[in-house]
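A note on names: the letters A, B, ... follow the listed sequences, proteins ahead of strands, and every chain is numbered from 1.
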Number of protein chains: 2
Amino acid sequence: MAMSDTLKAISDPVRRKILNLLKDESKPAGEIAAQFALTPATVSYHLKLLKQANLITERREKNFIYYDLNASVFEEVLSWIYSLGIGGESDDKK
Amino acid sequence: MAMSDTLKAISDPVRRKILNLLKDESKPAGEIAAQFALTPATVSYHLKLLKQANLITERREKNFIYYDLNASVFEEVLSWIYSLGIGGESDDKK
DNA sequence: TTTCTATTTTGATAATTATCTAAGTAGATA
DNA sequence: TATCTACTTAGATAATTATCAAAATAGAAA
């Protein structure tokens with residue numbers, strides 16, 4: 001079920017952008033929400049899904065809630081993709 | 001838009017299973033459909049989405065329609081995942 | 001301890017996606 | 001050319017997901 005959660009989480013562009021935002025440093029929810037033309041409530045909903053998929057963790061500081069990227073759950077996805085035989089190996093005739 | 005299509009396509013377990021089925025050899029639609037407790041129409045719908053995402057190609061032979069895996073489109077997804085910094089690099093303290 | 005700030009949760013609605021049945025199509029076979 | 005086989009497409013419905021506005025919460029600040 002883990003991989004299904006991961007893939008469902010990253011199938012949405014808003015959630016992918018959130019992950020991109022957290023790539024270099026953690027950010028509070030408000031700062032994340034400010035990057036979208038969506039209400040804080042909606043962004044919070046996306047954060048919840050990402051949290052459930054274990055792609056981010058949260059940490060409270062003052063009354064901000066900081067989110068951190070946890071990219072380690074991608075390992076399973078990578079394994080699956082590689083199991084299908086990737087790398088353009090059938091394309092080396094050029 | 002390409003990556004969005006790819007990720008949306010593989011976010012569904014039925015479609016991932018189809019890709020798994022095509023991993024080693026191409027198969028006709030009927031044989032694929034037989035692997036699911038779904039109507040041929042529904043499986044055809046999933047095949048259409050995979051085709052649109054360029055994850056499979058089709059080829060007619062007699063009156064069978066064979067589907068082939070095209071895993072090369074995963075390259076973009078892999079790049080994105082790696083750009084987030086993968087490999088459990090923050091986990092090497094064990 | 002009241003109020004303010006940052007954010008989440010709830011409840012409702014809209015939008016999208018998956019599924020089915022029935023009808024259509026392309027090509028092989030009789 | 002009529003029919004059969006292997007599918008797809010269309011149309012309808014159910015299920016899921018994304019969104020918002022309004023209310024709730026947790027902790028900081030006054």
A:Tyr67 side chain to A:Glu58 side chain, donor-acceptor N/O pair below 3.5 angstrom: yes
First and last nucleotide of DNA chain C, 5' to 3', lying under 4.0 Å from heavy atoms of chain B: C:dT17 to C:dA28
Donor-acceptor contact present, side-chain B:Asn70 to main-chain B:Asn54, <3.5 Å: yes
Close approaches to DNA chain D from residues 39-47 of chain A, in residue order (heavy atom, under 4.0 Å): A:Thr39, A:Ala41, A:Thr42, A:Tyr45, A:His46
Selection: residues 56-69 of chain A, any non-hydrogen atom under 4.0 Å of DNA chain D: A:Arg60, A:Lys62, A:Asn63
Contact list for DNA chain D against residues 16-38 of chain B - heavy-atom distance below 4.0 Å: B:Pro28, B:Ala29, B:Gly30
Protein-nucleotide distance (A:Lys48, atom NZ; D:dT25, atom P), rounded to Å: 15 Å
Give the table of side-chain donor-acceptor pairs shorter than 3.5 Å for residues 25-44 of chain B, with sequence neighbours excluded, one pair per line with atom names and distance.
unit_1	atom_1	unit_2	atom_2	d
B:Ser26	OG	B:Arg59	NH2	2.6
B:Lys27	NZ	B:Leu21	O	2.9
B:Thr39	OG1	B:Thr42	N	3.2
B:Thr39	OG1	B:Thr42	OG1	3.1

Minimum-distance pair of heavy atoms, taken over all atoms of A:Leu50 and A:Ala9: CD2-CB, 4.1 Å
Short side-chain donor-acceptor distance under 3.5 Å, B:Arg16 and A:Ser4: yes
Touch class at under 4.0 angstrom, heavy-atom based, for A:Lys51 against every strand present: nothing
Straight-line distance of A:Trp80 CH2 to A:Leu84 CG, nearest 0.5 Å: 5.0 Å
Of all pairs that satisfy salt bridge (Lys or Arg N to Asp or Glu O under 4.0 Å), the ones with a partner from residues 34-47 of chain B, not counting sequence neighbours: none
Nearest-0.5 Å distance that lies between atom CD in B:Gln52 and atom CG in B:Leu47: 11.5 Å
A:Arg15 to A:His46 - nearest heavy-atom pair and separation: NH1-ND1, 3.1 Å
